[in-house]
Amino acid sequence: MRAAVRVSAIAGAAVLCGLAAFGTAAWLSGSDKPEHKEQSRVSATTGFAGLVPAPVRAQAAPGVTWTLTPDARIATAPGSAAAARTGEILAALLRPATGYPLPVAPYDPAAAPAGIALLLDAAGAEAGELGAEGYRLDVTAAGVTVRAAQPAGLSRGIQTLRQLLPAEIESAQRVDAAWTVPGGSVTDRPRYEYRGMSLDLARHYFTPAEARRFVDHLARYKYNVLHLHLTDDQGWRIEIDGRPELTAIGASTQVGGGPGGFWTQDDLRAVTAYAAERHITVVPEIDMPGHTNAAIVAYPELGCDDRKYEPYTGIEVGFSSLCVESEATYAFLDEVIGQIAALTPGPYLHIGGDEALTLSAERYKVFMDRAQTIVEKHGKRVMAWHQLAGAAPVPGAVLEYWNQGKEDADIVAAAARAGAKVVLAPADHTYLDMAYAAGERLGLKWAGTVDVKQSYTWEPATHLPGLPEESVLGVEAALWGETLTSVADAEYLVFPRLLSVAETAWSPREAKDWPSFEARITEQHPRWDRAGIGYAKR
């Protein structure tokens with residue numbers, strides 16, 4: 001069992017002291033007895049009970065509250081630029097609705113209480129249990145303190161504080177409200193190391209500003225990975241020095257025949273930096289050897305035949321492939337992968353690898369062997385769709401499982417037993433581009449319809465038969481762009497199901513409870529309304 005699965009991994013069995021007054025939807029006991037869990041559940045959906053994802057542990061301080069006032073300051077860990085930046089992010093989140101100045105400065109124990117303190121304590125008693133992203137949040141009558149061993153934990157903790165404030169805090173304009181927070185404490189850490197969402201820029205183009213909007217959505221619910229699908233048959237979305245036709249030709253369209261578009265390298269750097277400030281890693285994907293029509297249209301020598309390739313605006317898959325036998329292909333990959341690796345400081349570089357339907361298994365293996373070598377040459381860890389398991393994943397490779405049902409479970413489990421890690425993105429649970437129900441304008445149905453309950457009620461540790469639990473690196477939501485025409489379309493499909501995946505990836509296994517979750521996502525609706533986030537009212 002993973003270290004963060006049990007509540008007792010951090011602080012042993014919690015007590016119910018005043019829990020109803022404090023309100024929490026998380027399991028508060030280290031016991032594995034179902035009847036004990038039933039006693040530990042709270043039906044209220046206010047205060048801490050409204051948190052998504054559910055925290056590991058919460059304790060109440062009955063009758064205690066703290067109110068944010070105009071003279072409040074945000075004090076941050078001295079000497080930590082990352083903590084200071086998190087303080088500035090928190091201030092920027094709170095200033096519009098409160099109208100308060102909320103200055104940010106290093107913590108000084110000799111000074112008057114600041115109101116909010118974001119502190120690092122790498123040597124503290126809880127530091128080893130909190131890990132890289134865990135935090136402890138304490139609310140007393142004197143103020144709020146968030147402590148973490150690492151800056152990423154502070155970033156997760158401020159999002160919990162944000163949810164504890166009234167929904168009006170999400171307003172873009174000043175609101176006359178009492179900014180009161182219930183007293184008590186939360187001790188929290190993620191279940192899985194990898195908690196991601198993939199955004200498909202290739203089929204429907206999103207601008208850098210729109211991508212940053214999705215970064216904000218991910219930060220709100222404690223995700224730590226933004227997986228950018230940058231290339232496909234319908235479009236090539238990233239500038240590559242020395243290969244101008246990739247963007248001049250390959251980026252000129254999208255599904256349905258729209259104008260397409262692309263990011264400059266500076267755009268990718270800027271989005272990556274924006275995400276990094278929120279402790280979100282960008283994982284770039286250059287899909288290969290299939291899903292490459294846009295690249296071949298731009299540079300026909302990348303294909304093996306003499307036919308003329310045309311820009312593609314449909315949604316069929318599996319018809320394109322780079323030429324496996326051509327050294328021009330691998331020279332091209334070396335240029336592209338080298339530049340993308342230099343632009344993104346995260347550890348992973350995703351090389352696709354799915355639906356190469358025109359290649360034999362032998363030719364596919366030859367290609368993926370060469371592609372993986374190039375990724376490693378440029379200092380990145382290979383990530384690919386789970387079809388790589390049928391070839392020869394290099395040591396340390398990460399496979400992303402996307403099939404619905406249990407298809408390909410045997411080869412993925414075998415690769416995991418040989419040392420590969422697995423990110424689970426099963427289409428019938430985490431593909432947010434699937435329609436909620438039959439008859440809807442938005443969403444596909446090839447993996448069935450996926451309502452909010454379907455997206456929530458599954459268990460990563462047991463999802464694939466034979467997959468060792470310790471091989472599961474994490475969970476990813478996916479938003480493919482076949483039916484999208486706008487950010488409004490995207491948000492309708494993402495919300496509320498983004499929260500289903502967030503809780504599956506972050507919260508202890510014992511904390512997952514559909515009736516509680518259903519109530520808690522309803523509690524989020526006023527926040528989304530205030531923030532101008534579109535969503536499906538389900």
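On a predicted model such as this, the values are computed, not experimentally measured, just so you know. Along the sequence shown, residues carry numbers from 1.
- Between Arg441 and Tyr492 there is no side-chain heavy-atom pair separated by less than 4.5 Å.
- Remark: Leu479 CG to Ser198 OG distance equals 7.5 Å, nearest 0.5 Å.
- With hydrogens and angles ignored, the 3.5 Å screen pairs no side-chain donor or acceptor of Ser171 with any backbone N or O of Ala97.
- Between the side chain of Arg147 and the backbone N or O of Leu119, no donor-acceptor pair lies under 3.5 Å.
- The two residues Gly134 and Pro190 make their nearest non-hydrogen contact at N-CD, 4.2 Å.
- With Asp200 contributing its side chain and Gly481 its backbone, the two residues share a donor-acceptor pair below 3.5 Å.
- A distance of 11.0 Å separates CD in Glu129 from OG1 in Thr187, rounded to the nearest 0.5 Å.
- With Tyr456 contributing its side chain and Asp513 its backbone, the two residues share a donor-acceptor pair below 3.5 Å.
- At least one side-chain heavy atom of Thr462 sits less than 4.5 Å from a side-chain heavy atom of Arg509.
- From Asp188, atom CG reaches atom OH of Tyr135 across 3.5 Å, with rounding to the nearest 0.5 Å.
- A heavy-atom distance below 4.5 Å is found between the side chains of Thr160 and Lys222.
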Q | Stepwise side chain to side chain contact (heavy atoms under 4.5 Å, CB included) test for Leu154 and Thr76 | A | CA-CA 10 Å; Leu154 298 179; Thr76 63; over 6 Å; no

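- Judged purely by atom type and a 3.5 angstrom limit, Arg527 has no side-chain atom pairing as donor or acceptor with the backbone of Glu523.
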Q. Can you check side chain to side chain contact (heavy atoms under 4.5 Å, CB included) on Val225 and Val423, steps first, answer last?
A. CA-CA 12 Å; Val225 172; Val423 169; over 6 Å; no

Q: Please step through ring-ring contact (aromatic ring centres under 6.0 Å, His included) for the pair Trp385 and His227, ending with a clear verdict.
A: CA-CA 12 Å; Trp385 300 109; His227 169 182; 5.7 Å; yes

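- Between the side chains of Trp506 and Glu133, no donor-acceptor pair is found at a separation under 3.5 Å.
- With contacts defined as side-chain heavy-atom distances shorter than 4.5 Å, the pair Val146/Thr86 does not qualify.
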Q: Could you check Met434 against Leu444 for side chain to side chain contact (heavy atoms under 4.5 Å, CB included), going step by step and ending with a plain yes or no?
A: CA-CA 5 Å; Met434 293 297 110; Leu444 301 175; 3.9 Å; yes

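- Within a 6.0 Å sphere centred on CZ of Arg220, heavy atoms belonging to other residues, nucleotides or ligands number more than 12.
- Residues Tyr205 and Trp263 form a side-chain contact, since some pair of their non-hydrogen atoms from C-beta on lies under 4.5 Å apart.
- Residues Leu493 and Thr483 form a side-chain contact, since some pair of their non-hydrogen atoms from C-beta on lies under 4.5 Å apart.
- Between Glu193 and Lys421 no salt bridge is recorded (no basic side-chain N to carboxylate O distance below 4.0 Å).
- When all heavy atoms are compared, the tightest approach of Arg191 to Ala461 is NH2-CB, 3.7 Å.
- Qualifying ring pair (Phe, Tyr, Trp, His ring centres under 6.0 Å) partners for Tyr535, counting only residues two or more places apart in sequence or in other chains: His525, Trp528.
- Between the Arg95 side chain and the Leu102 main chain, a donor and an acceptor come within less than 3.5 Å of each other.
- Taking the charged nitrogens against the carboxylate oxygens, Glu168 and Arg530 do have a contact shorter than 4.0 Å, which makes a salt bridge.
- Atoms OG and CG, from Ser80 and Leu118 in turn, are 10.0 Å apart once rounded to the nearest 0.5 Å.
- In this structure, a donor-acceptor pair under 3.5 Å is present between the side chains of Thr504 and Lys512.
- Within 6.0 Å of the NZ atom in Lys453, the count of heavy atoms belonging to other residues, nucleotides or ligands does not exceed 12.
- Taking all atoms of both residues into account, the shortest heavy-atom contact from Pro96 to Ala172 is CB-O, 3.6 Å.
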**Q.** CA sep, side-chain torsions, deciding dist, call: Asp232, Arg203, side chain to side chain contact (heavy atoms under 4.5 Å, CB included)
**A.** CA-CA 7 Å; Asp232 212 302; Arg203 292 181 178 87; 3.2 Å; yes

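- Side-chain contact between Leu467 and Val472 is present, with heavy atoms from C-beta onward closer than 4.5 Å.
- Of all heavy-atom pairs spanning Leu120 and Pro151, the tightest one is CD2-N, 3.7 Å.
- For the pair Arg497 and Tyr436, the cation-pi test (distance below 6.0 Å, angle within 45°) is passed.
- Side-chain contact, Gln159 with Arg156: no donor N or O sits under 3.5 Å from an acceptor N or O.
- A donor-acceptor pair under 3.5 Å links the side-chain atoms of His386 to the main chain of Trp402, judged by distance alone.
- One N or O on the side chain of Thr98 and one on the backbone of Leu94 form a donor-acceptor pair closer than 3.5 Å.
- Of the inter-residue distances, the one linking Leu51 atom CG with Leu164 atom CG reads 5.0 Å to the nearest 0.5 angstrom.
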Q | ring-ring contact (aromatic ring centres under 6.0 Å, His included) assessment of Trp480 paired with His204 | A | CA-CA 8 Å; Trp480 301 103; His204 173 80; over 10 Å; no

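- Considering all non-hydrogen atoms of both residues, Tyr107 and Pro78 come closest at O-CG, 3.5 Å.
- A donor-acceptor pair under 3.5 Å is formed between the side chain of Arg237 and the backbone N or O of Leu201.
- Going from atom CZ of Phe206 over to atom CZ of Phe214 covers 5.0 Å, rounded to the nearest 0.5 Å.
- In this structure, a donor-acceptor pair under 3.5 Å is absent between the side chains of Glu400 and Tyr194.
- Considering only heavy atoms from C-beta on, Gln524 stays 4.5 Å or farther from Pro496 through its side chain.
- The heavy-atom pair separating Val475 from Ala505 by the smallest distance is CB-CB, 4.0 Å.
- Side chains of Tyr192 and Asn224: no donor on one and acceptor on the other come within 3.5 Å.
- Using a cut-off of 4.0 Å between Lys/Arg side-chain N and Asp/Glu carboxylate O, Arg212 and Glu277 are scored as not salt-bridged.
- Taking the six-membered ring for Trp and thresholds of 30 and 60 degrees, Phe495 and His217 have ring planes more than 60 degrees apart, a perpendicular arrangement.
- A donor-acceptor pair is defined here as one N or O able to donate and one able to accept, closer than 3.5 Å; no such pair exists between the side chain of Thr344 and the backbone of Gly346.
- Ring orientation note: the planes of Phe517 and Trp514 are tilted relative to one another, at an angle of 30° to 60°.
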